[in-house]
Novice: 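Pasting a structure below so you can have a look.
Just follow the structure's listing: the first ligand is 1, and inside any ligand the first atom is 1.
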Amino acid sequence: MPVSTPAARAAAPAPSPSDTAMPQDFGALLRQDPEIGGILLAETARQSSTLQLIAAENFTSPAVLAALGSPLVNKYAEGYPGARYHGGCEQADAVERAAVRRAMSLFGAEHANVQPHSGSSAVLAAYAALLRPGDTVLAMGLPYGGHLTHGAPGNFSGRWFDFAGYGVDPDSGLIDYAQVRALARARRPKAIVCGSISYPRHPDYEQFRDIADEAGAYLIADAAHPMGLIAGGAAPSPVPYADVVCATTHKVLRGPRGGMILCGVELSERIDRAVFPFTQGGAQMHTVAAKAVAFGEAATPGYTVYAHRVVAHARVLAAALEAEGFEITTGGTDTHIVVADPAPLGVDGRAARERLMAAGMVLDTCALPYGDARGLRLGTAAVTTQGMDEDDMARIAVLFGAAVRDEGDAGLLRAEVRGLAERNPPYAG
Ligand SMILES: *Cc1c(COP(=O)(O)O)cnc(C)c1O
């Protein structure tokens, strides 16, 4: 179970990683292909002996893994249910219809497209549906936590569109809505994007809607990170405000790697055509099945408990890291993300990450809202799925501080991190 209290366990019918046996039998693969089988075993061991603090990662359930490993992987199903370019799509149609129905119901959306291969593919399709090359788009600037698809020079978005970037207030770290409005007035964007890879607070969707309306712009919410919190009622939903909501299914949402798009009926045909045939060919139907399974799990009371615990854990972690001397951007978090600046400890972000990795704590560096230094981005989605509690979060912060300060015996530190991970196995057996 993602949650460890007996009451929460009773409220949570869906199976989950930590109380169900690992579904995969690597034996046959190991015999046929020892090289790849061995790599997969080693990766499984890595995931269960280190702490997964990468904010974009999680542990999918055995049911999601089973759907991913099913023979539906063999099926070609270009098009949409009832209108395929291939024969034999009865089950593919059934599974996609179920995934769409579940996504619409989970998020209260009028339309869902569950085919995007990734979060980036979802954003590409949203731009393709609403924009023409050269159009101006306003999004969070990359130095403040904008994603690659929000105008990075090496990404299609930066090459094909004219991006303007908004930032955050350097003191509070919060989005400066007056600046967003002023930029929208000055640049008259065709679309405004809200959503980020490292902003630990909720975007104010109502304000973004208001600014977009004033500018005559579409509002695209890129909710790749918080979509699971939204499903579990632990974060506000952009669905009532945004014209299009893009997301991944593999972050807090805990499904397979992939993307999805939600929109109203009036944009539904444009979105569907932008996904197929404009930006993608055949959908990955095994992944669509796994998305349906994940949406089913996310609709359970147990998942609601999980989503709220993820946020509670991030708050405990942020406060405990602050007590260890880290500077926490925005002074805390409303989400699963915590951004900690190690500068007060006299260590820069990249060096800090190396020390943490050596101790078995796996995480990313990220841009900080001020200056050029890198911060440390942590997330609590994976550690919460594996059953850790608030005391474990407080302990992680202490281990974190010791690792970054390079204090004590490195071997003992690594052993304690391993012990913490191994007491909470993501997959039993
Ligand atoms: C993760 C993320 C994406 C992209 O997801 P991929 O599946 O890696 O392509 C897009 N936008 C935001 C804000 C993200 O956090």
Side-chain angles (χ1 to χ4, degrees), residues 52-58 60 64 68 113-130 137-152 154-158 161 163 165-168 175 191-203 205 208 219-231 235 237-238 242 244-262 274-275 279-280 283-284 287-288 290-291 294 310 314 333-339 363-367 369 375 377-382:
Q52 311 313 314
L53 295 166
I54 291 178
E57 293 186 359
N58 210 332
T60 57
V64 168
L68 279 175
N113 187 307
V114 296
Q115 292 192 6
H117 299 327
S118 69
S120 299
S121 309
V123 176
L124 170 61
Y127 294 170
L130 304 178
V137 184
L138 182 56
M140 188 172 244
L142 268 62
Y144 304 98
H147 185 254
L148 288 170
T149 54
H150 303 172
N155 183 265
F156 75 89
S157 56
F161 301 101
F163 268 83
Y166 56 82
V168 297
I175 292 173
I192 298 177
V193 180
C194 59
S196 156
I197 60 170
S198 58
Y199 189 64
R201 303 291 179 172
H202 304 309
Y205 298 118
F208 271 113
L219 180 61
I220 300 172
D222 185 357
H225 265 281
M227 210 55 177
L229 300 179
I230 295 161
S237 173
V244 175
V245 177
C246 299
T248 61
T249 48
H250 51 271
K251 296 182 181 175
V252 186
L253 192 48
R254 215 163 62 184
R257 308 203 69 76
M260 65 186 293
I261 304 178
L262 306 175
V275 174
T279 58
Q280 291 188 179
Q284 303 194 0
T287 305
V288 169
K291 288 174 186 174
V310 166
T333 180
D334 296 328
T335 66
H336 60 299
I337 296 173
V338 178
V339 177
L363 79 171
D364 302 312
T365 66
C366 68
R377 183 188 68 156
L378 302 82
T380 51

Novice: Take D222 and H150 through the side chain to side chain donor-acceptor pair (under 3.5 Å) test and state the conclusion after the steps.
Specialist: CA-CA 9 Å; D222 185 357; H150 303 172; 2.8 Å; yes
Novice: If you count the atoms of ligand 1 from 1 in the order shown, which ones are under 4.0 Å from a heavy atom of S120?
Specialist: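 Those atoms are 4 (C), 5 (O), 6 (P), 9 (O).
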Novice: If the cut-off is 4.0 Å to any non-hydrogen atom of G119, which atoms of ligand 1 fall inside it?
Specialist: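 Taking each heavy atom of G119 in turn, ligand 1 has 4 (C), 5 (O), 6 (P), 7 (O), 9 (O) under 4.0 Å.
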Novice: Strictly distance-based, threshold 3.5 Å: is any side-chain N or O of S157 a donor or acceptor partner for the main-chain N or O of L148?
Specialist: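 Yes, the answer is positive, given that a donor and an acceptor are paired below the 3.5 Å cut-off.
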Novice: Treating T333 as the side-chain partner and P200 as the backbone partner, does any N or O pair qualify as donor plus acceptor under 3.5 Å?
Specialist: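 Checking the backbone N and O of P200 against the side chain of T333, a donor-acceptor pair under 3.5 Å is found.
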Novice: With respect to atom 13 (C) of ligand 1, which of T248, D222, T249 exhibits the smallest heavy-atom separation?
Specialist: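 Looking at heavy atoms only, D222 sits closest to atom 13 (C) of ligand 1.
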Novice: Of all the non-hydrogen atoms in the protein, which one sits nearest to atom 3 (C) of ligand 1, and at what distance?
Specialist: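 Nearest neighbour among protein heavy atoms for atom 3 (C) of ligand 1, to 0.1 Å: H147 NE2, 3.3 Å.
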Novice: May I ask you to list the atoms of ligand 1 that are less than 4.0 angstrom from any heavy atom of H250?
Specialist: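 Those of ligand 1 that fall under 4.0 Å from H250 are 7 (O).
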Novice: Any atom of ligand 1 sitting under 4.0 Å from a heavy atom of I197?
Specialist: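 In this structure, I197 qualifies as a contact of ligand 1 - some heavy atom is under 4.0 Å.
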Novice: Evaluating non-hydrogen atoms only, which member of M227, K251, H225 is closest to atom 14 (C) of ligand 1?
Specialist: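 Going through M227, K251, H225 one by one, K251 has the nearest heavy atom to atom 14 (C) of ligand 1.
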Novice: Could you tell me which atoms of ligand 1, counted from 1 in the order shown, lie closer than 4.0 angstrom to a heavy atom of S118?
Specialist: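 Counting atoms of ligand 1 from 1, those under 4.0 Å from S118 are 7 (O), 9 (O).
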Novice: Quick check on contacts: which atoms of ligand 1 are under 4.0 angstrom from a heavy atom of S196?
Specialist: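 Numbered from 1, ligand 1 contributes 13 (C).
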Novice: Looking at ligand 1, does R257 have a heavy atom less than 4.0 Å from it?
Specialist: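 No.
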Novice: Do you know which two heavy atoms are closest between A223 and V245, and how far apart they sit?
Specialist: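 It is CB-CG1, 4.2 Å.
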